[in-house]
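Provided herewith is a single structure, encoded as structure tokens, for subsequent inquiry.
This structure is a prediction, so every number in the text was calculated from the model and none was measured.
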Amino acid sequence: MSTPGTEIPGVGATAGAGVLETRLTNLSREEFARDIWARTALLTHRASDFSDLFSADDVDELISRRGLRTPFLRVAKDGATLPDSSFTSSGGVGATISDQLDDTALWRGFANGATLVLQALQRTWQPVADFSARLSTELGHPVQANAYVTPPQNHGFDDHYDVHDVFVLQIEGTKLWLVHEPVHSDPLPDQPWTDHRSAVAQAAKGKPYIDTVLEPGDVLYLPRGWLHGAQAQGDVSIHLTLGIHSWTRYALAEQLARSALAVLREDPQMRQTLPLGVNGPAGEIDIVRERLVAAVTEADSAPLFHRTRRGHGRPAPLGPLAQFRAVDDLGPESRVRLREALEARLEGSRLTTRVGWLDFPETDLPSVTRVLDGEVRTAGDLGVRLVERLLRAGVLVPAER
């Protein structure tokens, strides 16, 4: 049973809507932002068919054939994480590594009740990577994707909360979920559930906010801090967890404080040594407080914030050989577009992106501005020399015809 108001029945998707509406919640972005986001848990039955994103065959492919290493997989059993050495081994002839996944060890562990956690699928499985990138763009927050593969009648982790929001997408099998309201609301990344272990254990004994069995196609949204525990039912359960690493006001405060400190570094008075014989810092603290308040008022934290944000994600994949051909065959009719997920930002005459920054002469700025709209352009339209520079920098990529 779920609490009234937290369950949304499956409905038809709206044409032209994003993945938040069409595949995860059946709510418009505006409705989700107003009523659900960071406020309350949401259960959506029959949200979508997720077989295009991930499957049991994909689990086998990743574990047995892709040569994955830790930490792209971890293993848990009875609430504890197993040591990497229990499921890794040498990569074999020609490999100088010792921590590739050992598929035989993983099979034995899984058959003995262990849960397999494939981590950072946004880096290793393209359908999940593309979906995560689209969701991140819609939400404006970084997204990480993990898959949890649990044997029948087993659970991998004890009741806990996460320090990021999650969307749980049930892929195969079924899983019982018990969700409870937070004991520590909106936890920051350095405030894990283990800091409140006893309160979490006590709350988990109470009446759940949501008590449901997720079936394939169901989606559960949990804001950070919401307690949850899950157990597979009669079949192997596979679900994707999309972790939303939310930006917070505290994170903005950190950026502002760093920017203010950078201003104070350039203040000769702040670099002065304290006087000899200072018995108490009260007077000095008053001086520092006054200067710090002034620096916070003066500081512009936006560049630092955008730089930090760019560092929390990766741009869309870039094929070196395709990029080489694009440069080698470049002509006025060549079609190009902005590389996706670059977090490109034009600040004056400087273009900053996840792959570095470039300065441009005044004459190039109109074309650079047009590039940022993401539309397909021809090299002749933008300027062949400019396009070559942006292709070599990994900012532009060839557009499919």
Side-chain angles (χ1 to χ4, degrees), residues 18-20 29 120-145 164 242-247 251-252 255 259 300-330 334-401:
V19 297
L20 187 67
R29 185 179 184 277
L121 286 175
Q122 79 279 2
R123 293 287 295 124
T124 61
W125 199 251
Q126 195 60 44
V128 174
D130 292 342
F131 189 86
S132 300
R134 290 196 296 272
L135 180 60
S136 179
T137 298
E138 288 183 34
L139 296 177
H141 298 264
V143 175
Q144 177 189 356
H164 49 265
L242 304 179
I244 318 301
H245 293 259
S246 310
W247 293 105
L252 294 180
Q255 305 302 319
S259 297
D300 178 11
S301 62
L304 180 59
F305 170 74
H306 288 293
R307 185 162 65 248
T308 303
R309 176 172 172 165
R310 285 193 295 271
H312 280 69
R314 297 177 63 93
L318 179 75
L321 299 186
Q323 200 74 358
F324 179 86
R325 289 192 298 271
V327 172
D328 199 42
D329 298 339
L330 183 62
S334 299
R335 291 159 53 86
V336 294
R337 60 173 176 81
L338 184 70
R339 186 177 175 185
E340 293 180 358
L342 269 186
E343 288 287 337
R345 180 179 174 86
L346 188 61
E347 300 169 343
S349 61
R350 172 165 292 184
L351 179 67
T352 58
T353 75
R354 280 184 168 141
V355 294
W357 55 266
L358 295 168
D359 288 326
F360 296 94
E362 194 73 26
T363 53
D364 282 345
L365 294 181
S367 290
V368 174
T369 301
R370 295 172 65 200
V371 161
L372 298 184
D373 66 11
E375 297 294 327
V376 174
R377 310 279 185 183
T378 65
D381 182 32
L382 297 171
V384 174
R385 292 183 62 184
L386 173 65
V387 168
E388 180 179 357
R389 185 184 181 196
L390 293 174
L391 284 170
R392 291 187 180 278
V395 173
L396 291 183
V397 292
E400 297 180 0
R401 296 187 176 278

Subject >> Val395 vs Arg339, side chain to side chain contact (heavy atoms under 4.5 Å, CB included): CA-CA, chis, key distance, verdict >> reply: CA-CA 6 Å; Val395 173; Arg339 186 177 175 185; over 6 Å; no

Original post:
Roughly how far, to the nearest 0.5 Å, is the CG atom of Asp130 from the CH2 atom of Trp125?
Top reply: 12.5 Å

**OP:** With rounding to the nearest 0.5 Å, note down the distance linking CD in Gln144 to CD in Gln122.
**Re:** 5.0 Å

**OP:** Locate the shortest heavy-atom distance separating Ala393 from Leu358; write the atom from each residue and the value.
**Re:** CB-CD1, 3.8 Å

Subject >> Side chain to side chain, Val355 and Pro315, heavy atoms closer than 4.5 Å >> reply: yes

Original post:
Which pair of heavy atoms, one from Gly394 and one from Leu318, lies closest together, and at what distance?
Top reply: CA-CD2, 4.4 Å

Original post:
Closest heavy-atom contact between Val376 and Ala399?
Top reply: CG1-CB, 3.8 Å

Subject >> Exceeds 12 heavy-atom contacts within 6.0 angstrom, atom CZ of Arg314 >> reply: no

Subject >> Minimum-distance pair of heavy atoms, taken over all atoms of Val128 and Ala145 >> reply: CG1-CB, 3.4 Å

Subject >> Evaluation steps, side chain to side chain contact (heavy atoms under 4.5 Å, CB included), between Arg370 and Asp381 >> reply: CA-CA 10 Å; Arg370 295 172 65 200; Asp381 182 32; 2.6 Å; yes

Original post:
How far apart are the closest heavy atoms of Asp364 and Leu386, and which atoms are they?
Top reply: OD2-CD1, 4.0 Å

Subject >> Within-4.5 Å side-chain heavy-atom neighbours: Leu372 and Leu351 >> reply: yes

Original post:
Just wondering, more than 12 heavy atoms not from Glu340 lying within 6.0 Å of its CD?
Top reply: no

Original post:
So do the side chains of Leu390 and Phe360 get within less than 4.5 Å of each other, counting heavy atoms only?
Top reply: yes

Original post:
Which heavy atom in Trp247 sits nearest to a heavy atom in Pro142, and how many Å separate them?
Top reply: NE1-CD, 3.6 Å

Subject >> Full working for salt bridge (charged side-chain N to carboxylate O under 4.0 Å, His left out) between Arg392 and Glu388 >> reply: CA-CA 6 Å; Arg392 291 187 180 278; Glu388 180 179 357; 3.1 Å; yes

Subject >> Distance, nearest 0.5 Å, that separates CD of Gln323 from CG of Leu396 >> reply: 8.0 Å

**OP:** Mark yes when over 12 heavy atoms from residues, nucleotides or ligands other than Arg389 sit less than 6.0 Å from its CZ; otherwise mark no.
**Re:** yes

**OP:** Just do the side chain to side chain contact (heavy atoms under 4.5 Å, CB included) check on Leu135 and Ile244 with the steps written out, would you?
**Re:** CA-CA 9 Å; Leu135 180 60; Ile244 318 301; 4.0 Å; yes

Subject >> Option passing side-chain contact (heavy atoms from CB on, under 4.5 Å) with Leu139 (candidates Val19, Leu242, Leu20) >> reply: Leu20

**OP:** Given side chain to side chain contact (heavy atoms under 4.5 Å, CB included), test Glu362 with Leu365 step by step and report yes or no.
**Re:** CA-CA 5 Å; Glu362 194 73 26; Leu365 294 181; 3.9 Å; yes

**OP:** Side-chain contact test, heavy atoms from C-beta onward, threshold under 4.5 Å: evaluate it for Arg325 versus Pro398 and give yes or no.
**Re:** no

**OP:** Mind checking the CD-CG spacing from Glu347 to Asp359? Nearest 0.5 Å is all I need.
**Re:** 10.5 Å

